[in-house]
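Here the structure is laid out as structure tokens; the discussion comes afterwards.
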There are 2 protein chains.
Amino acid sequence: MKGTLTDRQRQVLDFIYATLEKQGVAPSLREIQAHFKLASPFGVKRHLDALTAKGALRRLEGKARALLPPLPSIRRGLMTDVPLFGTIPAGSPSAQEQEPDRTLSIDTTSLGIHPGTTVYALQVRGDSMIGASILDGDVVFLTPRPPRPRDIVAALIDGESTLKRFLHRDGLPFLRAENPRYPDLLPATELVIQGVMIGLLRRVPQ
Amino acid sequence: MKGTLTDRQRQVLDFIYATLEKQGVAPSLREIQAHFKLASPFGVKRHLDALTAKGALRRLEGKARALLPPLPSIRRGLMTDVPLFGTIPAGSPSAQEQEPDRTLSIDTTSLGIHPGTTVYALQVRGDSMIGASILDGDVVFLTPRPPRPRDIVAALIDGESTLKRFLHRDGLPFLRAENPRYPDLLPATELVIQGVMIGLLRRVPQ
DNA sequence: CCCGGACGTGTTCATCTGTACACCTATGAA
DNA sequence: TTCATAGGTGTACAGATGAACACGTCCGGG
């Protein structure tokens, strides 16, 4: 089988990629050996041979530390790097952070934006937008632009940040949660829209 | 000076990054030596020493091919390319296509997978999974692996493809929509799981 | 003129690293 | 039982690789 790795093979593969991500260089056979407390580098070699045969890994023969992901065959579109800021409560509002936790990369076509568009991402906490199919833990993509009614926005309302639907009533803007258990938010002093939601990314825990 | 590289040093640095991009692994001293037609690896070493001293390069001492960009400011993670196939009905099942419509690129960390993992994407049609916060038009990421109970799966049931939750009853697997208006699906002849959902991407129409 | 920095040559050495072989254990299918 | 597969041990070897030293050239500044 091509796609079916054994438990041990998956552990080895995970370690290789973890090392690649963490220190930028693939581990040598003996580093893998040490990590799994094996007594011989040969055991490692056979795992690598198996992984290569199954197409889960690519090697540059004879070269040191030349363990790579298998060849991406398709041409990649234009990419954008989206800074992911901490969490934004979809429940009650809270203060906004400044430093991105990490960066997320995705091609512009899939996000439905033009290259150069400013995009940032926030992770949702709480269930107040569940009626819009936005769950706790989801990452929402936002772009700073003036909101239109019914847009979902990240708003700074009275100094606190929150994710809600942007609506008008009697000519006045207000924010509504997509969950009947949360009340409408009427800005007491000011309503600053930080961004309009343009997309969403969800990871299902494995 | 820290930031001012000599011509030669810049050439070496460019070659290192070019090699990194092209084959995924940094060159060894002797590969650099060969590229510049030098007669000794020692000349290369002094260039690397100079580059390191000037902060233009980072090395993991003693390790082979451990030439890295200086402490990454916004280092893009490892990318994966996901083929996006046509639509999959979350309502009634339909036949499965073969050719990908387009390819979607995203970094592996954000998807929560390791590079090399087989992933494909399908676009959802219908509202039968709305209880799992999956909407019409959403793109779901799937990986082929044996499903566990309560996984959301793309299944080939009696020759038709559909997205449903995978469950067991009396030891027998069956599929359930996350929408009370749809009945459970009990496989008449065979139940082939094409993939398990690992993530979701939504584009909000602008 | 002398000096230091950048750059290059030949050579040697100690590790690092991948590869190979012979042999062992456990498990599951035929 | 036999066989294949996955996984492991211990040892050995060869080539890849980084590091080091002594000795050059060229060039610009004091």
Side-chain angles (χ1 to χ4, degrees), chain A residues 1-20 22-70, chain B residues 1-17 19-20 22-70 116 145-146:
Chain A
M1 271 301 185
K2 187 169 180 289
T4 47
L5 302 182
T6 65
D7 286 353
R8 201 54 160 165
Q9 286 165 5
R10 174 138 296 281
Q11 287 174 31
V12 173
L13 193 63
D14 286 354
F15 175 69
I16 292 171
Y17 287 132
T19 306
L20 252 176
K22 193 168 143 243
Q23 62 173 23
V25 183
S28 66
L29 294 216
R30 278 167 184 80
E31 286 172 356
I32 300 173
Q33 174 194 340
H35 179 262
F36 290 102
K37 302 196 198 314
L38 301 184
S40 161
F42 190 57
V44 176
K45 174 172 162 48
R46 270 197 308 214
H47 282 128
L48 297 190
D49 288 346
L51 287 168
T52 308
K54 289 180 179 177
L57 192 67
R58 186 166 49 107
R59 303 189 67 185
L60 306 182
E61 212 167 327
K63 295 187 176 174
R65 297 172 185 273
L67 312 176
L68 301 164
Chain B
M1 272 302 184
K2 189 167 180 293
T4 48
L5 303 183
T6 66
D7 286 352
R8 202 56 161 163
Q9 286 164 7
R10 174 137 298 280
Q11 287 174 32
V12 173
L13 193 62
D14 287 349
F15 175 68
I16 292 172
Y17 287 135
T19 306
L20 256 175
K22 195 168 142 242
Q23 61 173 25
V25 182
S28 66
L29 294 215
R30 279 167 183 80
E31 285 171 357
I32 300 174
Q33 173 195 341
H35 179 263
F36 290 102
K37 303 198 196 315
L38 302 184
S40 160
F42 190 55
V44 176
K45 174 173 162 48
R46 270 196 308 214
H47 282 128
L48 298 188
D49 288 345
L51 288 168
T52 308
K54 289 179 180 177
L57 192 68
R58 188 165 49 106
R59 303 189 66 187
L60 306 182
E61 213 167 326
K63 295 187 175 172
R65 296 172 186 274
L67 311 176
L68 301 164
R145 68 158 170 82

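Numbers restart at 1 for each chain; the letters A, B, ... are given by sequence-line order, proteins then strands.
Between B:Ile16 atom CD1 and D:dG18 atom C1' the separation is 14 Å, expressed in whole Å. Straight-line distance from the CG atom of A:Leu48 to the C1' atom of C:dT19: 12 Å, rounded to whole Å. Between B:Gln33 atom CD and C:dG10 atom C1' there is a gap of 11 Å when expressed in whole angstrom units. The separation between B:Ile32 atom CD1 and C:dC7 atom P is 14 Å, rounded to whole Å. The interatomic distance linking B:Lys45 (NZ) with C:dT9 (C1') rounds to 17 Å, in whole Å. In this entry the distance linking CG of B:Asp49 with P of D:dA19 reads 7 Å, nearest Å. Distance CZ (B:Arg59) to P (D:dG18): 7 Å, rounded to an integer number of Å. When rounded to the nearest whole Å, the span between NZ of B:Lys63 and P of C:dG18 equals 12 Å.
In terms of heavy atoms, A:Leu67 sits closest to A:Leu20 at O-CD1, 4.0 Å. Pairing each heavy atom of A:Gln9 with each of A:Ala50, the nearest pair is NE2-CB, 3.4 Å. The two residues A:Arg8 and A:Phe36 have their closest heavy-atom pair at NH1-CD2, 3.6 Å. Closest approach of A:Val25 to B:Ala64, counting heavy atoms only: CG1-O, 4.4 Å. Smallest separation of non-hydrogen atoms from A:Arg59 and A:Leu29: NH2-CD2, 4.2 Å.
For B:Leu13, the side chain to side chain contact (heavy atoms under 4.5 Å, CB included) partners are B:Leu5, B:Arg10, B:Tyr17, B:Leu51, B:Ala56, B:Leu57, not counting sequence neighbours.
Side-chain contact of A:Arg30 with A:Gln33: a donor-acceptor pair under 3.5 Å is absent, judged by distance alone.
Distance from the side chain of A:Leu29 is smallest for C:dG18 among the nucleotides C:dG18, D:dA19, D:dA6.
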Q) For A:Thr52 and A:Arg58, what are the C-alpha separation, side-chain angles and deciding distance, and is it a side-chain contact (heavy atoms from CB on, under 4.5 Å)? A) CA-CA 6 Å; A:Thr52 308; A:Arg58 186 166 49 107; over 6 Å; no

Polar atom pairs between nucleotides 7-14 of chain D and protein, under 3.5 Å, N or O only, would you list them?
unit_1, atom_1, unit_2, atom_2, d
D:dG7, OP1, A:Thr6, OG1, 2.6
D:dG7, OP2, A:Thr6, OG1, 3.2
D:dG7, OP2, A:Gln9, NE2, 3.2
D:dG8, OP1, A:Arg8, NE, 2.8
D:dG8, OP1, A:Arg8, NH2, 2.8
D:dG8, N7, A:Arg46, NH2, 2.5
D:dG8, O6, A:Arg46, NH1, 3.4
D:dG8, O6, A:Arg46, NH2, 2.7
D:dT9, OP2, A:Ala39, N, 2.8
D:dG10, N7, A:Ser40, OG, 3.2

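One axis for each end of the helix from C:dC1-D:dG30 to C:dA30-D:dT1, each built from five base pairs, and the angle between them comes to 20° at 10° resolution.
In this structure, A:Phe15 and A:His35 have parallel ring planes: the angle between them is below the 30° cut-off, well short of the 60° mark.
Taking side-chain N and O atoms only, B:Arg65 has no distance below 4.0 Å to OP1 or OP2 of C:dG18.
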